[in-house]
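Computation of the quantities below employed the complete heavy-atom set of this structure, encompassing side-chain atoms and omitting hydrogens, waters and symmetry-equivalent molecules.
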Amino acid sequence: MDEENIVNATFYHYKLIKKIPVTRIQVRCYLLLPYIAIIAELFLFSWMSLFYFAITAPLVLWIHYVISRSVLLLSGSSYHKRWKFSMRLPWIGYITDQNISFRMFRKVYTYVTGIGLVLFLIFLLMSPFEFVVSLLFWHLWLLLPRFYAFARLSGLRKDGMIKFNNQDISYYQQ
């Protein structure tokens with residue numbers, strides 16, 4: 001029986017094309033940005049900015065989750081099983097925990113970026129300005145590592161696979 005499985009088995013061989021390091025300095029600079037933003041908001045607006053800054057972080061995480069999950073479910077594939085909520089730096093939020101096609105990753109985060117910005121512009125019409133600035137900051141801050149991945153992988157073929165680790169972003173092709 002084992003011989004039959006070996007003969008009929010399908011093996012997927014992926015070749016590592018590019019490994020993009022995520023250094024500790026980058027992560028520390030990334031973690032420094034919220035402190036700079038809250039100090040700037042306190043100086044530019046009011047002490048209420050502190051309150052808005054605190055409540056918008058989980059709100060933006062939830063909005064990203066809903067948009068990402070919706071895109072994955074509408075794609076009609078089993079991609080949603082490979083995604084989870086992560087608190088590891090710098091990949092905070094709803095992100096894949098396995099190899100995923102670069103095309104699907106781009107699709108999900110293009111929708112998250114676009115729909116999120118449109119949603120926050122709608123909030124601009126009915127919410128305090130400090131609240132919307134905090135929403136926009138958290139939105140962009142959470143997407144910054146994904147934008148970094150897009151930028152570093154921009155010249156490569158779109159049919160590859162990517163994997164996010166704590167120290168690097170790996171790009172594979174079959």
Side-chain angles (χ1 to χ4, degrees), residues 2-31 33-34 56-123 135-174:
D2 289 330
E3 292 176 22
E4 186 177 316
N5 285 340
I6 292 172
V7 172
N8 296 327
T10 304
F11 294 99
Y12 295 101
H13 299 282
Y14 292 99
K15 180 181 176 186
L16 179 64
I17 302 298
K18 190 168 189 175
K19 188 176 249 189
I20 302 164
V22 178
T23 63
R24 287 182 190 232
I25 293 282
Q26 289 171 322
V27 173
R28 287 181 182 159
C29 290
Y30 179 67
L31 287 174
L33 290 175
T56 55
L59 179 62
V60 171
L61 279 171
W62 180 76
I63 289 170
H64 283 192
Y65 171 77
V66 169
I67 296 169
S68 300
R69 186 79 171 167
S70 299
V71 170
L72 290 169
L73 290 173
L74 290 173
S75 71
S77 61
S78 63
Y79 283 109
H80 65 277
K81 295 177 185 174
R82 298 181 191 164
W83 291 62
K84 66 174 183 156
F85 191 83
S86 171
M87 288 305 287
R88 67 177 191 201
L89 288 170
W91 314 113
I92 298 172
Y94 195 58
I95 192 161
T96 180
D97 64 342
Q98 300 175 11
N99 290 341
I100 189 99
S101 78
F102 185 52
R103 188 167 302 190
M104 180 57 71
F105 176 76
R106 282 184 47 212
K107 180 180 181 180
V108 168
Y109 284 105
T110 300
Y111 277 104
V112 168
T113 303
I115 293 172
L117 288 175
V118 169
L119 188 63
F120 301 146
L121 289 175
I122 293 169
F123 274 118
L135 283 173
L136 286 172
F137 170 79
W138 286 117
H139 179 65
L140 295 175
W141 186 78
L142 289 169
L143 291 176
L144 186 63
R146 284 87 168 160
F147 292 149
Y148 175 69
F150 284 155
R152 294 294 305 268
L153 298 172
S154 64
L156 300 173
R157 291 177 29 193
K158 306 302 180 226
D159 60 346
M161 303 288 281
I162 55 174
K163 171 106 173 116
F164 295 95
N165 301 311
N166 291 343
Q167 294 85 19
D168 63 54
I169 305 163
S170 301
Y171 176 82
Y172 300 92
Q173 280 187 339
Q174 192 171 8

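Under the ring pair (Phe, Tyr, Trp, His ring centres under 6.0 Å) criterion, Y65 pairs with Y94, not counting sequence neighbours. With sequence neighbours left out, the side chain to side chain contact (heavy atoms under 4.5 Å, CB included) criterion links V66 to W62, S70. Scanning for ring pair (Phe, Tyr, Trp, His ring centres under 6.0 Å) contacts around Y172 gives an empty result, with sequence neighbours left out. By the ring pair (Phe, Tyr, Trp, His ring centres under 6.0 Å) test, F85 pairs with no residue at all, sequence neighbours left out. For Y30, the side chain to side chain donor-acceptor pair (under 3.5 Å) criterion is met by no residue, not counting sequence neighbours. Shown here are the salt bridge (Lys or Arg N to Asp or Glu O under 4.0 Å) partners of D168, two or more places apart in sequence or in another chain: K19. R88 pairs by the salt bridge (Lys or Arg N to Asp or Glu O under 4.0 Å) definition with nothing, not counting sequence neighbours. For the side chain to side chain donor-acceptor pair (under 3.5 Å) test, no residue two or more places apart in sequence or in another chain qualifies with Q98. In terms of the side chain to side chain donor-acceptor pair (under 3.5 Å) criterion, R106 has no residue partners (sequence neighbours excluded). Applying the ring pair (Phe, Tyr, Trp, His ring centres under 6.0 Å) rule to F120 yields the partners H139; only residues at least two apart in sequence or on another chain are considered.
In this structure, I115 CD1 and H64 NE2 are separated by 11.0 Å, a value rounded to the nearest 0.5 Å. Here the straight-line distance linking atom OG1 of T96 with atom CZ of F164 works out to 8.0 Å at 0.5 Å rounding. Here the NZ atom belonging to K107 is positioned 9.5 Å from the OG atom belonging to S101, to the nearest 0.5 angstrom. If you take CD1 on I20 and OG on S170, they are separated by 8.5 Å, rounding to the nearest 0.5 Å. Distance CG/L119 to CD1/I67: 6.5 Å, rounded to 0.5 Å. Atom CG in L73 sits 10.5 Å away from atom OG in S68 (nearest 0.5 Å).
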request  = Show the numbers, then the answer: is there a side chain to side chain contact (heavy atoms under 4.5 Å, CB included) between M161 and I100?
outcome  = CA-CA 5 Å; M161 303 288 281; I100 189 99; 5.5 Å; no
Practice item. Carefully, step by step, assess T23 and V27 under the rule side chain to side chain contact (heavy atoms under 4.5 Å, CB included). Key: CA-CA 6 Å; T23 63; V27 173; over 6 Å; no
Would you please test Y171 and R157 for side chain to side chain contact (heavy atoms under 4.5 Å, CB included) and show each step? CA-CA 10 Å; Y171 176 82; R157 291 177 29 193; 3.8 Å; yes
(request) Give the C-alpha distance, both sets of side-chain angles, the deciding distance and a yes or no for side chain to side chain contact (heavy atoms under 4.5 Å, CB included) between V22 and Q167. (result) CA-CA 5 Å; V22 178; Q167 294 85 19; 5.8 Å; no
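Annotation: side chain of V71 is not in contact with side chain of S75 (no heavy-atom distance under 4.5 Å). Two residues are said to be in side-chain contact when any heavy atoms from C-beta on lie closer than 4.5 Å; N166 and L89 fail this criterion.
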Solution key, residues 142-155 side-chain donor-acceptor pairs under 3.5 Å, sequence neighbours excluded:
from	atom 1	to	atom 2	distance (Å)
R146	NH1	I92	O	3.3
R146	NH1	L142	O	2.8
R146	NH2	I92	O	2.9
Y148	OH	P21	O	3.4
Y148	OH	Q26	NE2	3.2
Y148	OH	R152	NH1	2.9
S154	OG	A151	O	3.1

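Residue-environment remark: CG (L16) exceeds the threshold of 12 foreign heavy atoms within 6.0 Å.
The two residues L61 and G93 have their closest heavy-atom pair at CD2-CA, 3.8 Å. Across every non-hydrogen atom of R103 and D159, the tightest pair is NH2-N, 4.0 Å.
Checked by atom type and distance alone, the side chain of W91 pairs as donor or acceptor with a backbone atom of N165 at under 3.5 Å.
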